[in-house]
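Worksheet for the structure shown next.
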Amino acid sequence: MSETLRIGLVSISDRASSGVYEDKGIPALQAWFGKALASPWIMETRLIPDEQADIEATLIELCDVAGCNLVLTTGGTGPAPRDVTPEATLAVAHKVMPGFGEQMRQISLAFVPTAILSRQVGVIRGQSLILNLPGQPKAIAETLEGLKDADGNQKVPGIFAAVPYCIDLIGGPYVETNDAVVKAFRPKSAIRTKG
């Protein structure tokens, strides 16, 4: 088994995928992982329209063919008719992980009351964790890192704190983080000592 984390990033947007405007979700995630991860990782990116069949096919390909341990989507999680990312994600899921969506909305509610309109989900497909993230770069970072007070102490944990241990549990590589950005949480029995 490879010790390199394979990350799939999927930006779901009709306008960005057709070139009307520049996608900001994937560059924001690439920059965030560059700061947050302390262990080796590689990335696969996809930019696709808000079409449920395309989203499902892309998620299946990243999980089953490309072998991504973690697949993150941005966009398409609101209540508008074209927002079908959660439906596509649930359609390819083997297990639903409701805590991820609950926590993402909890974090976003600290900033905007419309966070309750977001329908992000987290699921497992085989040995892959799939998470629907918000579309805006600022919201992506807040969701992953959580909320800190003025002194830098964690007030509300971000979802990424739980991701490395989840990846352990589904058979993926041991992921280490830069604690200054986000501290991975594992039970003591699951922590590997260096050396």
Return yes if some donor-acceptor pair links the side-chain N/O of Arg125 with the main-chain N/O of Val92 below 3.5 Å, else return no.
yes

Is atom CD of Glu61 surrounded by more than 12 heavy atoms (other residues, nucleotides or ligands) closer than 6.0 Å?
yes

Closest non-hydrogen atoms of Val123 and Ala93, given as atom of the first, atom of the second and distance, are CB-CB, 3.5 Å

4.5 Å side-chain heavy-atom contact, Arg186 and Asp168:
yes

Do Val121 and Phe100 have side chains that get closer than 4.5 Å, going by heavy atoms?
no

In terms of hydrophobic clusters joined by side-chain contacts under 4.5 Å, are Ile48 and Leu90 together?
yes

Spatial distance of atom CD1 (Ile12) from atom CZ (Arg46) [nearest 0.5 Å]
12.5 Å

Do Phe185 and Val182 share a hydrophobic cluster, counting only Ile, Leu, Val, Met, Phe, Trp and Tyr and linking them when any side-chain heavy atoms are less than 4.5 Å apart?
no

Can you see which heavy atom on Pro79 is nearest to which on Leu117, and at what distance?
CD-O, 3.7 Å

Is there a side-chain contact between Leu131 and Thr73, using heavy atoms and a 4.5 Å cut-off?
no

A side-chain contact here means heavy atoms from C-beta on lying under 4.5 Å apart; do Ile55 and Val10 qualify?
no

On a heavy-atom basis, the closest approach of Cys68 and Glu44 is SG-CG, 4.1 Å

In this structure, would Val96 and Val71 fall into the same cluster of hydrophobic residues linked by side-chain contacts under 4.5 Å?
yes

Do Ile116 and Thr114 have side-chain heavy atoms sitting under 4.5 Å apart?
no

More than 12 heavy atoms of other residues, nucleotides or ligands under 6.0 Å from CD of Gln106: is that the case?
no

In terms of heavy-atom contacts, Pro134 and Ile140 come closest through O-CG1, 3.3 Å

Would you tell me whether Asn132 and Thr77 have side-chain atoms, one donor and one acceptor, within less than 3.5 Å of each other?
no

Only pairs under 3.5 Å count here: list side-chain donor-acceptor contacts from residues 25-42, not counting sequence neighbours, and write none if there are none.
| from | atom 1 | to | atom 2 | distance (Å) |
| --- | --- | --- | --- | --- |
| Trp32 | NE1 | Glu145 | OE2 | 2.6 |
| Ser39 | OG | Glu176 | N | 2.9 |
| Ser39 | OG | Glu176 | O | 3.4 |

Considering only heavy atoms from C-beta outward, does the side chain of Ser108 approach that of Thr143 to under 4.5 Å?
yes

I'd like to know if the side chain of Asp151 and the backbone of Asn153 have a donor-acceptor N/O pair within less than 3.5 Å.
no

Would you name the heavy atoms of Ala161 and Pro164 that are closest together and state the gap between them?
O-CD, 3.9 Å

In terms of hydrophobic clustering (I, L, V, M, F, W, Y; side-chain heavy atoms under 4.5 Å; direct or indirect links), are Val84 and Leu59 co-clustered?
yes

Gap between atom CD1 of Ile159 and atom CE of Met97 - 0.5 Å precision:
11.5 Å

Applying ring-ring contact (aromatic ring centres under 6.0 Å, His included), which residue pairs with at least one partner in residues 44-89 are found, sequence neighbours left out?
none

Least distance between heavy atoms, Thr74 atom then Gly135 atom:
CB-CA, 4.2 Å

NZ/NE/NH1/NH2 to OD/OE distance under 4.0 Å, Asp14 and Arg82:
yes

Heavy-atom side-chain proximity of Tyr165 to Ile191 below 4.5 angstrom:
no

Hydrophobic clusters here meaning ILVMFWY residues chained together by side-chain heavy-atom distances under 4.5 Å, can you tell me if Met104 and Ile7 are in one?
yes

Rounded to the nearest 0.5 Å, the OG atom of Ser128 sits from the CD1 atom of Ile167 at a distance of 9.0 Å

Verdict with reasoning, Thr177 to Asp179, per side chain to side chain contact (heavy atoms under 4.5 Å, CB included):
CA-CA 6 Å; Thr177 58; Asp179 291 356; 3.7 Å; yes

Minimum side-chain heavy-atom gap Pro173-Asn69 below 4.5 Å:
yes

What's the spacing between Leu62 CG and Ile130 CD1 if we round to 0.5 Å?
8.5 Å

Check the surroundings of atom NZ in Lys95: do more than 12 heavy atoms from other residues, nucleotides or ligands lie under 6.0 Å from it?
no

Could you tell me the separation between the CD1 atom of Ile124 and the SG atom of Cys166, rounded to the nearest 0.5 Å?
4.5 Å

If you round to the nearest 0.5 Å, how far is CG of Leu133 from CD of Glu142?
12.0 Å

Just by distance, with hydrogens left out, do Gln52 and Glu56 show a side-chain donor and acceptor under 3.5 Å apart?
yes

